[in-house]
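Structure record follows, encoded as structure tokens.
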2 protein chains.
Amino acid sequence: MKTQMEYARAGTVTEKMRLAALEARIDPDELCLNIASGSTLICHNNRHSNGRPLAVGKGIRTRVNANIGTSRDDTSIERELAKAHTAVRAGADALMDLSTGGPIDQIRQAIIREIPTCIGSVPLYQAACECVRQGKPIVAMTVDDIFAGIKKHLDDGVDFITVHCGVTRRTLEIMDREGRVMEVVSRGGSFTCAWMEHNNQENPLYEQFDRLLDLVRPYDATLSLGDGFRPGSICDATDRAQIHELMLLGELTQKAWEKDIQVMIEGPGHVPLNQIRANIELQKRLCHGAPFYVLGPLVTDIAPGYDHITSAIGGALAAAAGADFLCYVTPSEHLCLPNEDDVHQGVMAARIAAHAADIALGLPGAMAWDKQMSTARKDLDWPAQYALALDPELARARRQATAEKADSHGGCTMCGEFCAYKLMNKRKENTC
Amino acid sequence: MKTQMEYARAGTVTEKMRLAALEARIDPDELCLNIASGSTLICHNNRHSNGRPLAVGKGIRTRVNANIGTSRDDTSIERELAKAHTAVRAGADALMDLSTGGPIDQIRQAIIREIPTCIGSVPLYQAACECVRQGKPIVAMTVDDIFAGIKKHLDDGVDFITVHCGVTRRTLEIMDREGRVMEVVSRGGSFTCAWMEHNNQENPLYEQFDRLLDLVRPYDATLSLGDGFRPGSICDATDRAQIHELMLLGELTQKAWEKDIQVMIEGPGHVPLNQIRANIELQKRLCHGAPFYVLGPLVTDIAPGYDHITSAIGGALAAAAGADFLCYVTPSEHLCLPNEDDVHQGVMAARIAAHAADIALGLPGAMAWDKQMSTARKDLDWPAQYALALDPELARARRQATAEKADSHGGCTMCGEFCAYKLMNKRKENTC
């Protein structure tokens, strides 16, 4: 069976491409060309029967992913499903289930069954959890355990899988030589480092990358090449370990494309504002234009409780510089597992960042939305303002809590009678 | 009596400069040089006996202002004082009282009496309110009413006053010719436009700028040259009216400096992300390096309820490009008057933007804070993380709500037992 990239390279616009182009409001032929070059991907596992193909990449509005999932400390399947529905209602384009606690197979399967959105996961967590449940340390995972974990997720219909293929013994050595404040903060990265050192072996996902490609191919799932060495402190950003891993991911991207497997690259992390553009431009060059999926970046480490904001700043800048896909960060980051409200706040902040970047990039339709809102605002047309708001319920609730006072003069309680819009509208009518 | 700028130009480091340098952790001689050139100012009205001089400008960490104040719909003096205290506790460097409802003189005086922070206001609101209370339209204000309103605020000890001196008949004509989605969204700007047209006269604050300088001089208050034509929609950003007004403000800056009066420039507003740097660079050139005080900028119009985030994105970028002073925007912007929680959220978001920019600018001590936090994080030292957090109470409350589960393993409920820090720390101890 052919992959989407194979079809695209033969110039065939498939039904998946047609559907994805429709959703993304772009031309299917252009989408097909970009899939062929690797600058855009269609994320959809052939087994995800109720799933919708999602286009991510060049010329497409910046996408937003919401991470959900249990940990040992919070294992409720109902809570995860509620979070999944909240994320989709808030407008997330994709969901990653990162569960490591409770009935993780059932949780993943329930999410895939209930949610038609694009779904991702980190299969290495599965292998690690099963080891621990059998009373063994993580480092006791076998290579076959790792690949079996991946197959399990693909069989369930996961559309994109994070695989930390660039975490190698050489990268770890490079990190140790330079030194870091926070070393490895990626869970998959830390598992892999511990495993390599304990077993005195290279990372099998790097060494046996062809085996991975052969495994993924029948599902036509997307490889999301994970950044195990992403900086977890702004002090560590853009160091030799991070860039060495990125170069390896570029090498693997070319290998995947040779076998017509779609790839995106995962990126930092914690990055000072002035280093963000360089990070994106470097990724685009080293990875030959593959879509870039960034976690944040968070522009400061000092604001736990507000990391949806620290990452919205970095995400907007990253997407305006060319990042294609933003992984949300919630207010609970660095403190606890997110609850439903955190998920909602996280998606909203990431969507603001994405939209701000789409405007900066001049994407068709992006600024038109703002123009409609501004017009409604000038006209003091509150129903239209609510309808156009990113979060209509919140906008309505905030104003309506004060509407009794405000409605007598049609404005809001901010300026009361001294409303600049009202004065300017009067000027138009010559009634000042 | 000499002004601070006069002393600085004579090479005299005053007590105010010494105090301001101490607070800003910079060298007093350097501060003195920068005050002499106008690139830094010390904000302090000689009548503000309990006030602390605040340095704003070149080489100084990005400052944050919180707007408070009543409107006709919400006139409680207690609520405004509570908001003022909330803003200061949250870390605002300055407060603007924009009251237009209730006992506005008493509110302003109470804030100045109770709060030792730098205080600003827009005296034109006072003159407009008094007109309306006398049953007259705003446009019936006399020139003397306008100057009397300014004097009243200066007598009370206001440290910086917004004066919309660049709103001229010519600027208005330029705006009308080009056309705008939102026209004038500044309250002071809209009052002035209506006044000029109704009275068929030029803006007295432009035409009689020397009178204004002579009025301000004995107080040594700072002129904050307001941007009446700031864009209120991203569609209107960086248009001819905005830039024409900015050029006028540059002209007035030179005039003020000739009389040793300190000046800052107010800036937009709603600006697409890709236009922010140009706006800052233009202001710095046209206004000869005068400090830039920006309201936002908001990078999109579509997120009412989240405008603390839309403005944190723009504010971080603006400050990294050279803006010196960020006016916060709260979640209630465009919907209603902020409550205490809005004020807290607004200050936090603006401080994040300011700090992210300080890191990008390489300001001494900025990244050191992040390094301390990252070290505490790696060490799973929760008390240190709370102490270092921008909002210690929130960080503590969020984690402690789940601490029962998390404390058994020392991490947090996010990753539970699969904590990358723990695994990496074990690696160091060779106990993987």
Side-chain angles (χ1 to χ4, degrees), chain A residues 71-74 100 181-185 187 190 194 198 233-235 272-274 299-306 309-310 312-313 316 320 335-337 348-349 352 355-356 359-360 369-371 373-374 378 389-391 394-395 398-399 402 405 412-418 420 423-424 432, chain B residues 71-74 100 181-185 187 190 194 198 233-235 272-274 299-306 309-310 312-313 316 320 335-337 348-349 352 355-356 359-360 369-371 373-374 378 389-391 394-395 398-399 402 405 412-418 420 423-424 432:
Chain A
S71 72
R72 192 195 65 180
D73 301 324
D74 196 341
T100 58
V181 175
M182 289 209 75
E183 305 191 323
V184 175
V185 300
R187 272 188 284 181
S190 70
H198 182 266
S233 162
I234 57 163
C235 307
L273 194 147
N274 56 314
V299 292
T300 175
D301 309 330
I302 54 102
Y306 299 92
I309 299 179
T310 66
I313 295 171
L335 295 170
C336 54
L337 211 61
M348 287 295 160
I352 288 169
H355 182 66
I359 291 166
W369 183 4
D370 294 68
K371 188 174 180 182
M373 174 61 90
S374 294
K378 185 183 69 166
L390 187 72
D391 188 344
L394 177 68
R398 284 307 306 264
R399 179 166 181 274
T402 57
K405 292 168 176 174
C412 81
T413 55
M414 184 84 171
C415 301
E417 63 202 316
F418 297 109
L423 206 58
M424 294 308 285
C432 260
Chain B
S71 73
R72 192 194 65 178
D73 301 324
D74 196 340
T100 58
V181 175
M182 288 207 77
E183 305 191 322
V184 175
V185 300
R187 272 188 284 181
S190 70
H198 182 266
S233 162
I234 57 163
C235 307
L273 194 147
N274 56 315
V299 292
T300 175
D301 308 330
I302 54 103
Y306 299 92
I309 299 180
T310 66
I313 295 171
L335 295 169
C336 54
L337 213 60
M348 287 295 158
I352 288 169
H355 182 66
I359 292 166
W369 183 3
D370 294 68
K371 188 175 180 181
M373 174 61 92
S374 294
K378 186 184 68 168
L390 186 72
D391 188 344
L394 177 68
R398 286 305 308 263
R399 179 166 180 272
T402 57
K405 290 167 177 172
C412 82
T413 55
M414 184 83 170
C415 301
E417 64 202 317
F418 297 109
L423 206 58
M424 293 309 284
C432 260

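Predicted model only: the values in this text are computed from it and were never measured. Every chain is numbered from 1, with letters handed out A, B, ... down the list of sequences.
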If you count heavy-atom pairs within less than 4.5 Å of chain A, which of [options] leads?
options                                : value
B/Asp370, B/Asp74, B/Leu390            : B/Asp370
B/Met373, B/Met414, B/Lys378           : B/Met414
B/Ile313, B/Ile359, B/Thr100           : B/Ile313
B/Ile302, B/Ile309, B/Asn274, B/Ile352 : B/Ile302
B/Ser233, B/Pro304, B/Pro272           : B/Pro304
B/Cys336, B/Cys412, B/Ala389           : B/Cys336

>> I'd like to check the side-chain contact (heavy atoms from CB on, under 4.5 Å) partners of B/Ala320; sequence neighbours left out, ordered by chain and number.
In response: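 For B/Ala320 the side-chain contact (heavy atoms from CB on, under 4.5 Å) partners, ignoring immediate neighbours, are A/Leu273, B/Ala357, B/Ala360.
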>> I'd like to check the side-chain contact (heavy atoms from CB on, under 4.5 Å) partners of A/Leu394; sequence neighbours left out, ordered by chain and number.
In response: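 Listed in chain order: A/Asp391, A/Arg398, B/Tyr306.
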> In terms of heavy-atom pairs under 4.5 Å, which option from A/Thr402, A/Val184, A/Thr310, A/Val185 contacts chain B the most?
Replying inline: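 Among A/Thr402, A/Val184, A/Thr310, A/Val185, the one with the most close pairs to chain B is A/Val184.
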> Between B/Leu335 and A/Ala395, which heavy-atom pair has the shortest distance, and what is it?
Replying inline: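 Minimum heavy-atom contact is CD2-O, 3.7 Å.
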> How close do B/Ser71 and A/Gly416 get, heavy atom to heavy atom, and via which atoms?
Replying inline: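 So the minimum-distance heavy-atom pair works out to CB-N, 4.1 Å.
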>> Could you tell me if A/Asp301 and B/Ser374 have a donor-acceptor pair between their side chains, going purely by distance under 3.5 Å?
In response: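 Side chains of B/Ser374 and A/Asp301: pair found under 3.5 Å.
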> When rounded to the nearest 0.5 angstrom, what is the spacing between NZ in B/Lys371 and CD1 in A/Ile234?
Replying inline: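 B/Lys371 atom NZ to A/Ile234 atom CD1 measures 11.5 Å (nearest 0.5 Å).
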> Side chain, backbone, both or neither: which part of A/Met348 has a non-hydrogen atom closer than 4.5 Å to chain B?
Replying inline: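 Side chain of A/Met348 only, per the 4.5 Å heavy-atom cut-off to chain B.
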> So which part of B/Met424 gets closer than 4.5 Å to some heavy atom of chain A, the side chain, the backbone, both or neither?
Replying inline: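 Contact with chain A is through both the backbone and side chain of B/Met424.
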>> When you measure from the side chain of B/Thr300 to the backbone of A/Ala356, do you find a donor-acceptor pair of N or O atoms at a distance under 3.5 Å?
In response: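 Absent.
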